[in-house]
Every structure is written in C-alpha cells, then in structure tokens.
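Letters A, B, ... are given to chains in the order of the sequence lines, protein chains preceding strands, and every chain is numbered from 1. Computation of the quantities below employed the complete heavy-atom set of this structure, encompassing side-chain atoms and omitting hydrogens, waters and symmetry-equivalent molecules.
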There are 4 protein chains.
Amino acid sequence: MVRGLDLCQDAIGKLSFTDYFYLLLTGHQATPAARAVLDATLVAIAEHGLVPSVQAARMTYAAAPEAVQGAVAAGLLGCGSVILGAAQQAGELFDAIERRTQEQSEELDRAAHVVVAEYRTAKRAIPGYGHPLHKARDPRVEALFKTSREAGAGQRYVDIAEAVERVIPAVMGKDLRLNVSAAIPAVLLGADFPLKALRGVPILARSAGLIAHLFEEMNHSIGFALSYQAARNVEYQGEVPAGFREQRS
Amino acid sequence: MVRGLDLCQDAIGKLSFTDYFYLLLTGHQATPAARAVLDATLVAIAEHGLVPSVQAARMTYAAAPEAVQGAVAAGLLGCGSVILGAAQQAGELFDAIERRTQEQSEELDRAAHVVVAEYRTAKRAIPGYGHPLHKARDPRVEALFKTSREAGAGQRYVDIAEAVERVIPAVMGKDLRLNVSAAIPAVLLGADFPLKALRGVPILARSAGLIAHLFEEMNHSIGFALSYQAARNVEYQGEVPAGFREQRS
Amino acid sequence: MVRGLDLCQDAIGKLSFTDYFYLLLTGHQATPAARAVLDATLVAIAEHGLVPSVQAARMTYAAAPEAVQGAVAAGLLGCGSVILGAAQQAGELFDAIERRTQEQSEELDRAAHVVVAEYRTAKRAIPGYGHPLHKARDPRVEALFKTSREAGAGQRYVDIAEAVERVIPAVMGKDLRLNVSAAIPAVLLGADFPLKALRGVPILARSAGLIAHLFEEMNHSIGFALSYQAARNVEYQGEVPAGFREQRS
Amino acid sequence: MVRGLDLCQDAIGKLSFTDYFYLLLTGHQATPAARAVLDATLVAIAEHGLVPSVQAARMTYAAAPEAVQGAVAAGLLGCGSVILGAAQQAGELFDAIERRTQEQSEELDRAAHVVVAEYRTAKRAIPGYGHPLHKARDPRVEALFKTSREAGAGQRYVDIAEAVERVIPAVMGKDLRLNVSAAIPAVLLGADFPLKALRGVPILARSAGLIAHLFEEMNHSIGFALSYQAARNVEYQGEVPAGFREQRS
C-alpha cells in the first residue's frame with residue numbers, strides 16, 4: 001500500500017510515472033490538469049546540452065565507470081542555488097505576494113510592487129527574472145503557460161508571475177523578463193503542487209537528462225576530452241592555476 | 001532542437017516525462033506499448049519505504065538542509081550493485097541467452113540452461129532471481145508482465161526470463177523465482193529499451209522516491225531519530241564499534 | 001612545481017600531509033605552531049562514532065561496494081550546516097568582532113557584546129556555543145587551547161572566543177559554553193589559517209574518519225543492520241511513514 | 001576513548017593527522033617509518049592540477065556554492081577505478097605474488113612471472129605499470145622509494161614491485177614502468193598498512209587537494225569558464241551532442 005493505493009493493483013500499469021510522483025508528494029491523485037502541467041515542466045528542463053553539471057557527470061563516469069549512480073550523483077550536486085534553485089525561490093516570491101493579497105486585501109499589482117521592493121531593499125535578486133542571453137521571454141515560458149491554460153490548470157500564479165514582470169521596471173529600473181525558473185512555479189502552484197516540493201522538479205528532470213547523457217557517454221565517451229579542452233584553454237589564456245603543470249595522474 | 005524535435009513546439013505539452021526520457025535515450029519516440037511498459041517499471045520501483053538509501057538521504061538532509069540536491073545524491077549513491085544493479089545484470093543475462101539462440105540456433109530452454117550453467121561454473125549469482133522474503137514471485141512481477149501483455153509490447157524477453165526460471169532448479173539445485181529486478185529488463189527489452197540504459201531506470205525511479213521522502217523530511221523530520229535508533233540498537237546488542245562512546249558532534 | 005616547491009625534491013618525504021594541506025591552501029609553508037594547531041583540529045573531529053554521516057556512508061557501502069568513493073561522498077554530503085558548518089560560521093563571528101575592534105577602536109568585550117547582540121536581534125544562533133549534552137565546555141576545547149598555547153600560536157582569536165562566551169549570558173539570557181566548533185576557528189585563525197578555508201577542516205577530518213569506518217565495514221558489515229534497526233524502531237513507535245510496509249527491494 | 005587512547009589526553013596535540021588516520025585504520029600507533037611513508041604517499045597524490053575530478057568539483061561549486069561539501073563529494077566521485085583505483089589493484093597484485101612465494105616456496109621473480117602471466121591470460125591490464133606520458137618511471141616513484149628506504153620501512157613489497165617491472169617485458173612483450181599507483185602500495189604494505197584500506201589513501205589525499213582547489217575557486221572562480229571552454233571546443237570539432245544548441249539554463 002502506498003498512499004492508500006495498492007501498488008500492484010492500482011499503480012503499476014494504471015498510473016504514469018508523473019502521476020505517481022505527484023501522488024507520492026501530495027498523497028492524492030493528479031487531476032488531468034496537474035498531470036499536464038507537471039509533465040510539461042519536467043520536459044522543459046530535463047535536457048539543456050553540455051551544461052556544467054552534465055560535464056561533471058560525464059567526467060565522473062569516464063573516471064569511475066563502475067558506478068553510474070556516482071556519475072548521476074555528481075551531476076545532481078551541481079543542481080544548486082545558482083543554476084536550478086531559482087524555481088523554488090521564485091515560488092516563494094509568488095507565495096509571499098499571494099499571502100499579502102489575502103492578508104492585506106491588496107490588489108495584485110500593489111502586492112507585487114511591495115514584495116519586489118522588499119527584495120530590492122534587501123539587495124536580493126528577483127528569482128526567475130532576467131536571462132543572460134535572451135532579452136525577450138525564454139520561449140519555454142510561453143510553451144508552459146500555453147500548456148497550463150489549455151489543460152485548465154489554475155492561472156492565479158501565472159497572473160502573479162506576470163504582475164511581477166510588470167512591476168519590475170518601476171521598482172528595479174530595468175526590464176527583466178520572466179524566465180523558465182519563474183514559469184515553473186507559476187504553473188505548478190496553480191496545479192496544487194506543494195511549494196516546498198518545487199525544488200524536487202528540476203532535480204528529477206535533470207536526473208533523466210543526466211542518465212541520457214551518461215548512456216551517450218557509454219557509447220561515445222567525451223568525458224576526458226571535455227576535461228582536456230577545458231584545461232587547455234585555461235592554459236592558453238594565461239590563467240594557469242597553481243600546480244597546473246602536470247595534467248593527469 | 002532535441003533529437004530532431006523542437007522542444008517548445010513538439011515536446012512541452014505534447015510528450016509525457018516518460019516519453020521524453022525514452023526519446024532522450026533512444027532518439028525516437030516511444031510507441032504506446034513502450035510508454036506503458038516504461039511507466040510501469042518506473043512506478044514499480046520508485047518507492048519502497050525506509051530502505052537504506054532513503055535513510056541515508058533523510059539523515060543527510062537533516063544534517064545539511066541547505067542542499068536538497070546533496071541529500072538526493074546521497075540516496076542515489078546507494079543505488080549500487082547490491083540493491084538496484086541487478087536489473088542491468090539480469091538484462092545482460094537475457095541478452096546473452098538471446099544471442100545464443102540466434103548464433104547457435106539453439107532452442108530457448110537449451111540456451112538458457114547453458115548460460116545459467118556458465119554463471120554457476122563462474123560462481124556468479126543469477127541476477128534477478130530469488131528473494132530474501134518472498135518464496136513465490138514478487139507480486140510486482142505479475143503486474144509488470146500483465147502490463148506488458150496488455151500493452152502489446154514484445155514478449156520475447158519475458159519468455160527468456162521465464163525460461164531462466166524453469167531451468168534454475170536443475171542447474172542450481174534450488175528453486176529461485178523471478179523477482180522485480182528480472183521483470184524490469186524482461187519487459188523493457190521487449191519494448192526496444194536499450195540494454196546499456198537499463199541501469200538508468202532504477203536510478204530515475206529512486207530519484208522520484210527520494211524527492212518525495214525528502215519533502216516528507218522537510219515537514220516531519222525523522223533523519224536524526226533514525227540515526228539515533230540505529231546506533232542505540234548497535235549498543236544494545238553489544239556490537240560497539242571503536243570510538244562509539246560519544247554520539248554526536 | 002606546486003606553490004613554488006618541487007613536488008619530488010621538496011615535498012615528498014619532507015612535508016607531512018598536514019604541512020602540505022596548509023601549503024596548498026595558503027601558498028606558504030606551515031610554521032611549527034601552525035602545523036601543531038592544524039593537526040590538533042583535524043584529530044579532534046575526525047572520528048565521532050556512529051554519527052548520521054557515518055551511518056549514511058556505511059549503508060551506502062553495503063548497497064554499493066563497487067564504489068568506496070561513493071560511500072565516502074555520501075558521508076561527506078552530511079557534513080553540512082547543521083553538523084559541521086558551525087566552525088566556519090564561528091570563524092566569521094570572530095572575524096566580525098576583530099574587524100570591529102580595529103575599525104571602531106573598541107575594546108574586545110565591547111565589540112563582542114555588540115556583535116553578539118546583532119546576532120540576537122537577527123534571531124541567529126551563536127555558532128559554536130552551547131551543546132546538547134555538555135553543560136561544561138566540551139573537553140576537546142581545552143585540549144585545543146592547550147595545544148595552541150604550548151605551540152606558541154597566536155592567541156588573539158582564543159581571546160575573542162572567550163570574550164564571546166563571557167558576554168553571552170548578558171545578551172542571550174543564558175549560559176552557553178564554547179564548543180569544539182568555536183575552538184577550531186579560535187586556534188586556526190591565530191595560526192594564519194584562511195577564514196574562508198575553515199569549512200575545509202571538518203571535511204578533510206571527516207574524510208579520514210569515514211575511510212576508517214568503511215574499512216571496518218569491509219571487514220565487519222553493519223550497514224544493513226543499522227538500517228534495519230533504525231526502521232524497526234520507527235515501526236515500534238508508531239511513526240510509520242507511507243509505503244513503509246515492504247522493507248527492501 | 002578511540003582505539004584505546006583518550007582523545008583529549010593522548011591524541012589531540014600528541015598525534016599528527018597522519019598518525020591518527022593510521023591509528024583509526026589499524027588500531028595501533030604508527031611507527032616513525034609508517035608515518036613517513038604514509039605522509040609521503042598522501043603528499044605525492046594530493047594535487048595534480050586541473051584533472052577531471054577537480055574540474056567537476058569546481059563546476060559544482062560554481063553552480064551550488066551553498067554546499068562546499070557537495071563540491072568535494074562531486075570531485076571524490078571521480079576517484080574511481082580508472083583514475084585512482086589502480087593503487088588498490090596493484091596492492092592486490094603484490095599480495096598475490098607474496099602469498100605465492102610463501103605458499104609455493106617459489107622465488108620472487110618466478111612467482112611474479114606466474115602471476116603476471118595469469119593477468120595476461122585473463123586479458124587484465126597490469127595495474128600500476130605504464131604511463132600515458134612518461135616512458136621512464138614517474139619521478140614520484142623514486143621519491144617514494146627513497147623515503148621508504150631512508151625511513152627504514154620494510155622493503156619487501158618494493159622488491160615485489162620491481163620484480164613485476166622486470167618480468168613484464170618477457171610476459172607482456174613490452175616495457176612498462178612502475179608508476180605512482182604501484183609505488184603507493186609498494187611502500188605502504190611494507191609499513192603494515194592494511195591491504196584493503198589502500199583505496200582510502202588516494203581518496204583522503206584528493207580530499208585535501210579538492211578542498212584547496214575549492215578555496216581557490218571561492219577567491220577566483222573558473223568553474224563556469226572551464227565548462228564554457230570545454231563545450232566550445234566540442235562544438236569546434238564537430239562533435240555536437242544532441243541538444244547542444246542552448247548552453248545554460
């Protein structure tokens with residue numbers, strides 16, 4: 001029995017993996033809207049090319065092929081505050097705004113303005129807004145919002161996310177667009193996904209992406225080549241760290 | 001573009017997470033049968049109560065709550081050869097039998113007998129057979145086989161798995177039933193899941209289970225209590241490891 | 001060449017491991033006082049019995065014996081903010097007090113009072129003070145301070161640490177004694193050990209302790225027994241987490 | 001009490017970290033020869049520039065700076081069979097030869113010849129011999145052997161290691177010189193270091209090296225730059241992995 005269901009009668013062959021993940025976290029079954037939104041967020045961030053955590057995983061596998069689980073773990077250890085933690089933080093921002101609208105009976109844009117201004121005063125970045133490359137919204141944002149609308153999921157946190165985007169120019173003095181780290185909690189919180197579990201979504205998604213990269217690494221190893229190229233370029237550019245002379249044990 | 005699909009047009013909102021995992025691994029889209037079988041295997045092994053890897057993850061989170069990813073990684077590090085590696089190894093056993101039937105034109109039971117006898121000669125355990133608790137087949141086996149049949153997935157590796165079960169008594173001198181670690185490759189290989197990627201299925205499944213346990217740990221911490229109980233019992237039973245006197249830093 | 005030394009001529013056979021660690025971190029050779037103090041801190045916290053991180057490592061090794069490095073890694077992942085992070089945080093507290101005495105020309109107890117009061121206002125615990133079991137100072141504190149004095153290491157940060165202990169009753173309304181997490185930065189900062197590298201001392205020390213536990217685990221496995229006892233007791237006490245029924249895959 | 005010593009009276013301030021590590025592993029105190037040899041091996045392999053495991057650790061820290069322990073763990077996960085496991089395996093080779101000389105009363109070179117030939121027959125590489133770059137012996141080998149001789153440590157396993165080097169050309173048909181992975185067990189086994197604990201020596205040594213790199217990373221971050229250079233070069237060479245288009249989330 002898991003969460004009131006019989007594993008063999010009610011879950012295996014009946015629930016999708018995404019349904020089951022939702023069930024394990026929340027204790028109740030996913031609605032079609034919740035399933036659609038959770039699948040969409042997991043798909044949106046599972047794979048992103050040779051990002052640092054993937055490189056770390058592939059180098060680890062090349063050095064320790066006896067332990068695939070160690071290479072996946074090495075990759076997940078890079079799913080931290082800088083790269084994938086923003087989804088959780090953006091969810092907390094939206095939650096603070098939502099609570100303020102309820103507790104203070106403030107209108108949404110007013111509450112968003114106040115909370116964003118508090119972040120600015122505390123010199124905190126606005127998590128989930130702005131992107132190093134894109135000036136427009138990341139196209140994954142629109143794909144996630146469209147999925148949420150069409151599935152009939154709650155739109156309250158999408159509205160909050162867009163309110164934050166609207167008030168940012170006035171508060172921060174620059175235009176920062178919603179990125180995928182804000183879109184994820186915007187659609188998931190509207191599907192009754194628990195706030196504190198948001199952190200798990202990028203971790204699960206990246207587990208899948210890492211496993212796929214490691215399968216590729218088994219068949220076509222680039223782990224050591226990546227490392228060689230990375231270090232060679234450090235040398236070329238004159239940034240030679242101490243002890244850099246010898247390259248490999 | 002990922003594997004020939006446009007992420008935002010063709011994947012987000014269109015593919016389930018399971019579909020996408022299959023696509024990343026194989027480069028082609030899952031058939032309905034492949035999706036059904038892969039979902040079923042992931043559901044079957046995602047959650048198994050307070051197994052050692054879950055305890056390790058919960059203790060790690062209690063001690064280092066700043067890094068959820070570290071606690072998930074600690075749990076995955078225990079998904080090794082003893083606990084979850086058998087699915088991969090059982091797949092290799094089935095693959096060896098299948099290749100033998102093709103290369104030697106042997107009948108299935110004959111090929112199974114020869115390969116199982118080779119394992120016995122090499123003093124290797126038969127991966128995926130036998131269970132510390134159940135004498136009958138683990139009920140998850142039947143649930144997986146039923147899902148595979150009803151979805152119309154290939155049954156060749158289910159047949160091989162059952163042939164192994166049939167020949168074991170004669171070769172090994174005891175009756176060992178198919179367990180879930182043999183059922184997983186039996187159904188997945190029939191759905192064109194790649195042999196070398198089998199190792200990734202329990203890892204992804206347990207990532208989901210670990211995240212759910214850590215969400216529970218955030219809300220109701222038992223990590224240190226588990227550790228206290230574990231160590232107290234060691235003391236009670238007289239197995240006091242060196243340096244055991246002081247309990248906590 | 002490492003940090004200006006020839007590895008084979010000047011380091012191997014000439015420097016102790018502790019000397020070399022100090023050299024790698026600071027770029028200059030350890031004085032006898034620095035060596036004595038760094039050795040003492042590493043010895044003080046390397047081993048502490050079956051603490052949670054050791055249990056996590058032993059369970060991980062039992063499940064994945066193909067990868068000792070994975071079991072050490074699992075143990076280190078529990079060396080986080082709650083258990084071993086306090087040494088770094090206490091060092092930052094002492095550094096803030098020291099800077100205040102210099103920048104504001106305040107006397108030590110005055111500066112300590114102000115900074116501790118700031119922690120209280122911010123509702124932050126005073127890192128390195130108080131102990132769940134000992135009301136008196138942990139005996140390791142005195143051993144570390146004695147080593148530092150006898151080696152002739154700088155005593156400034158020991159003085160600061162004791163000033164904090166003196167002002168705590170007035171500011172916090174209770175008596176909290178210096179524990180080992182405060183003693184470590186107190187003696188290391190006086191030996192010119194870099195503030196930001198303090199975090200590495202418990203990590204290196206515990207690596208040694210974990211390796212010793214895993215060697216013991218290889219010879220006398222208790223990993224699964226610990227896990228069984230931990231979970232059994234949860235059951236006994238009625239705290240049965242979801243999905244707890246089945247015990248092992 | 002740890003291994004019969006009082007931690008505060010007999011260990012802190014009395015034993016070096018290396019002494020204490022030896023004590024934890026063996027249960028008895030290191031002789032001066034054992035200490036010298038263990039220090040030398042730890043120093044020899046602690047730091048080796050921007051090797052893959054260091055890159056993995058620095059990328060992990062850049063992405064997840066909230067958890068130094070996670071970055072150290074990520075680096076250690078790459079200390080596997082390919083890179084640092086050979087010291088353990090070479091120790092097992094030497095042990096097999098030594099047991100053969102005793103059990104079969106064979107002369108050393110004869111026993112070495114037989115055991116190396118068994119490796120060849122089983123198509124196993126000779127662990128600890130040969131080097132991708134050096135044709136001569138790695139200079140660290142001579143430094144370790146010199147330390148061992150001058151400290152008065154047992155030379156039996158050095159003799160065995162050199163016997164293996166002598167018989168390799170006749171058995172393997174090529175000249176492979178002793179590398180540092182063979183020198184480590186050669187000197188440690190002569191100092192009564194336990195065979196099964198050899199695996200811990202590179203792990204502890206690299207922990208120190210990783211901590212030093214991460215301290216450098218805190219002060220001068222190259223983690224993301226390494227990753228960028230590594231991936232850029234993959235692109236330049238036409239080896240574009242699937243999904244490589246977008247670079248960072």
Partners passing ring pair (Phe, Tyr, Trp, His ring centres under 6.0 Å) against D:Tyr22 (at least two apart in sequence or in another chain): D:His28
Salt bridge (charged side-chain N to carboxylate O under 4.0 Å, His left out) contacts in which one or both residues fall within residues 157-167 of chain D, not counting sequence neighbours: D:Asp109-D:Arg166, D:Arg137-D:Glu162, D:Arg137-D:Glu165
OG on A:Ser227 to CG on D:Leu50, rounded to 0.5 Å: 8.0 Å
Under 4.5 Å from a heavy atom of chain D, the part of A:Ala57 involved: neither
Residues in residues 71-80 of chain D near chain A [non-hydrogen atoms, under 4.5 Å]: D:Ala73, D:Ala74, D:Leu77, D:Gly78, D:Gly80
Rounded distance [0.5 Å steps], CD in A:Gln229 versus CD in D:Gln229: 9.5 Å
Portion of A:Ser53 that has a non-hydrogen atom of chain D nearer than 4.5 angstrom: neither
Side chain to side chain donor-acceptor pair (under 3.5 Å) involving D:Gln155 - partner list, sequence neighbours excluded: D:Ser148
Test log, rule side-chain contact (heavy atoms from CB on, under 4.5 Å), inputs D:Met59 and A:Met59: CA-CA 11 Å; D:Met59 290 177 193; A:Met59 291 178 192; 3.8 Å; yes
Residue among D:Ala63, D:Gly85, D:Ser181, D:Ala64 with most heavy-atom pairs under 4.5 Å to chain A: D:Ala63
A:Glu66 side chain vs D:Ser81 backbone, donor-acceptor pair below 3.5 Å: yes
